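See structure below.
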Amino acid sequence: MDRLLEVDCARIALQQQLEALATRAREGGEKIALYRNPKSDSYKRAIEGGSSKGDLADKAKEIQGDLNACKMERKELEEQEKPILEEFDSLMLLIPQPADPDVVVGKDDADNVEIRKVGTVREFDFEPKDHVQLGTDLGIVDLERGVKLGGTRNYVLKGDGALLHQAVIRLAFDMMIERSFTPMFVPVLVREEIMYGTGYFPVGRDQAYLCERDEKSLVGTAEVPLTAYRSDEILSAGELPLKMVAMSGCFRREAGAAGKDTHGLYRIHYFEKVEQVIICANDTELSKEFHQEILANSEAVMQALELPYRVVNVCSGDLGQGQVQKFDIETWMPSRKSYGETHSASRFYEFQARRLKLRYRDQNKKMRFCHTLNNTVIASPRVLIPILELNQNRDGSVSVPSALRKYMGGKELIEPKA
RNA sequence: GGAGGAGUGGCCGAGCGGCUGAAGGCAACGGUUUUGAAAACCGUCGUACGGGAGACCGUACCGGGGGUUCGAAUCCCUCCUCCUCCGCCA
């Protein structure tokens, strides 16, 4: 931070010197034009006024000398400026957004504060299986062959497993459309500048799969293409808020998580997620309201799925670089004997909009940066963990939650293939 | 992948190496006129950074980056994007 201020001062000082030189060069250049350019009015006037071409050329030559010196000076200053600008830019990309005042100060996820619990945690009157056991026995989850195909943290969903996955996605997507979000289908392989713009680069670069040959990156969430959808544009105030929803593949390297959550479908390299994004006017109260709205949307999905969950207010230490406030939804997962994160609702103020040049003109025709927010609607297969585990029966079958049945051809029970 | 063509302000569209931050049109905004509206007419109408209390002043920007030149929207190189034709392909 101190270094950034230093660099900024140096930057401005050099800029002022350069501007002074530029002015000198321009003024000199204009004079030369008068003496040299036969097309200019003043040249013609001078000739008519009795000046000889030779005189004018001499005068031009004189000025030229000064301009040559001026050019050298500029080059030198520009050389000095270059590393300073580079450092300035890269430091700027690392500057975090200060958290909202009502965020709890804390170190890590242990300091997150529970806001509410919804639904009741099921008590089993038999020994429940975990989702891996259940899925394997039912023939709907195949971890072994998933790893054969894709390496660690990969999996295959099969039969009713694949259908259940799609059912969850469809339910979530449809519920968002009912809430008047615009359904979108977006690229998942994006240019690096989009990753910088949404704040995933440079800090989270090691978490992304890069396609270096094409200088593109696979996104870890549809938040990226949705938020950047109107980047580098000037919206009209009347268009706001933009509410969008998209299902996309999500690719995550999970670097640094080696050995963590290796069991089952919890932490995996590729999954699908329905994501909601709101782009709204530059108004703190308004974006807070939308934050509650996107949180409520996702809670509605969880309630439709009859899953017990809790909402936590994420503490300062657990916030991402650009997030000013974040609420996570954590869903009860019997095999983990705890609530596991399934949703993350973030609010950014102008952080992403500044990087993305995502602006609008307000009523006073003033250019302003938008505010951006996003939340998971559903991420699968992670959410299949509580769905399978909480809906299992003594005989090893799994009841399909009623909200999903219409997406599974009316099926009510997943049973092992005889 | 190969061969051509093109990228200029919110949009369309001129643009000679200097007087071009950029004609003209549309849209928008303010005004005159009108019972109201339309039409007509007059005016305003890019962004960022720096300086100033301020009216303002300076600098940069004509897809991105680099170069030639005293001087580049204009000339050269390179990359990107779009269009047309050919090839390949869910």
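Treat the numbers as computed from the prediction; the structure is a model and nothing was measured. Each chain gets a letter, A, B and so on, in the order its sequence line appears, and its residues count up from 1.
- Where A/Met367 and A/Leu67 meet RNA chain B, the nucleotide closest to each residue was compared, and A/Met367 sits on the side nearer the 5' end.
- Of all nucleotides present, none satisfies the Watson-Crick or G-U wobble test against B/A53 with each distance under 3.5 Å.
- When the P atom is used for both B/C57 and B/C79, the distance is 42 Å, rounded to whole Å.
- A/Glu350 is listed as a side-chain neighbour of A/His371, based on a closest heavy-atom distance under 4.5 Å.
- Between the CE atom of A/Met72 and the C1' atom of B/C70 there is a distance of 14 Å, given to the nearest Å.
- Remark: B/U34 base-pairs with no nucleotide in the shown strands. Criterion, Watson-Crick or G-U wobble with two distances under 3.5 Å.
- Across all strands shown, nothing is found opposite B/C19 as a Watson-Crick or G-U wobble partner with both distances under 3.5 Å.
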Heteroatom pairs (N/O) under 3.5 angstrom, protein to nucleotides 55-66 of chain B:
{"residue": "B/G58", "atom": "O3'", "partner": "A/Thr23", "partner atom": "OG1", "Å": "3.3"}
{"residue": "B/G58", "atom": "N2", "partner": "A/Glu19", "partner atom": "OE1", "Å": "3.4"}
{"residue": "B/G58", "atom": "N2", "partner": "A/Glu19", "partner atom": "OE2", "Å": "3.1"}
{"residue": "B/U59", "atom": "OP1", "partner": "A/Arg26", "partner atom": "NE", "Å": "2.7"}
{"residue": "B/U59", "atom": "OP1", "partner": "A/Arg26", "partner atom": "NH2", "Å": "3.2"}

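- Taking atom CG on A/Leu14 and atom P on B/C49, their separation rounds to 19 Å, with Å as the unit.
- Across the strands present, B/C11 finds its partner in B/G25; the criterion is a Watson-Crick or G-U wobble pair with both atom distances under 3.5 angstrom.
- Considering only side-chain N and O atoms, A/Lys357 lies nowhere under 4.0 angstrom from the phosphate OP1 or OP2 of B/U47.
- Across all strands shown, nothing is found opposite B/G71 as a Watson-Crick or G-U wobble partner with both distances under 3.5 Å.
- At a cut-off of 3.5 Å, with distance as the only test, no side-chain donor of A/Thr136 or A/Glu144 sits close to an acceptor on the other residue.
- Residue A/Tyr360 contributes atom OH, which lies 20 Å from atom P of B/G46 at whole-angstrom precision.
- No hydrogens or angles considered: a donor-acceptor pair under 3.5 Å links the side chains of A/Glu223 and A/Gln352.
- Spacing between B/U74 and B/U8 at atom P, rounded to whole Å, works out to 14 Å.
- When rounded to the nearest whole Å, the span between CD of A/Glu192 and C1' of B/C79 equals 15 Å.
- Under the Watson-Crick or G-U wobble criterion, with both distances below 3.5 Å, B/A6 is paired with B/U81.
- Rounded to whole Å, the separation between the C1' atoms of B/A90 and B/G24 comes to 48 Å.
- In this structure, NZ of A/Lys366 is placed 20 Å from C1' of B/A28, rounded to the nearest angstrom.
- The separation of B/G17 from B/G67, taken at their C1' atoms, amounts to 15 Å, rounded to a whole angstrom.
- A residue-by-residue look at A/Arg191 and A/Arg361 shows that A/Arg361 has its nearest nucleotide of RNA chain B further toward the 5' end.
- We find that A/Lys75 and A/Glu78 are not joined by a salt bridge, their nearest charged nitrogen and carboxylate oxygen being 4.0 Å or further apart.
- Pairing for B/C61 goes to B/G46, judged as Watson-Crick or G-U wobble with the two contacts each under 3.5 Å.
- For B/A73 and B/C86, the C1' atoms lie 34 Å apart once the distance is rounded to whole Å.
- Looking at heavy-atom distances under 4.0 Å, A/Gln64 makes contact with a base.
- Side-chain contact check for A/Gln15 and A/Glu19: at least one donor-acceptor pair (N or O, by modelled atom type) lies under 3.5 Å.
- In this structure, the CZ atom of A/Phe88 is 10 Å from the C1' atom of B/C49, given to the nearest Å.
- Rounded to a whole angstrom, the distance from the C1' atom of B/G31 to that of B/U84 is 48 Å.
- Counting to the nearest Å, the P atom of B/G10 and the CG atom of A/Leu235 are 13 Å from each other.
- Shown are A/Thr227, A/Thr221, A/Asn374; of these, the side chain to side chain contact (heavy atoms under 4.5 Å, CB included) with A/Thr198 is made only by A/Thr227.
- Checked for salt-bridge contact, A/Glu87 and A/Arg3 meet the test: a charged N lies under 4.0 Å from a carboxylate O.
- For the P atoms, the distance linking B/G65 with B/C45 amounts to 28 Å, nearest Å.
- Straight-line distance from the CZ atom of A/Arg368 to the C1' atom of B/A48: 17 Å, rounded to whole Å.
- Taking 4.0 Å as the cut-off between side-chain N and carboxylate O, A/Lys260 and A/Glu254 do not count as a salt-bridged pair.
- Considering only the side chain of A/Lys71, B/C70 comes nearest among B/C70, B/A48, B/G51.
- Between B/C12 and B/A6, the distance separating the two C1' atoms is 16 Å to the nearest Å.
- Between A/Pro381 and A/Phe271, the closest side-chain pair of non-hydrogen atoms falls below 4.5 Å.
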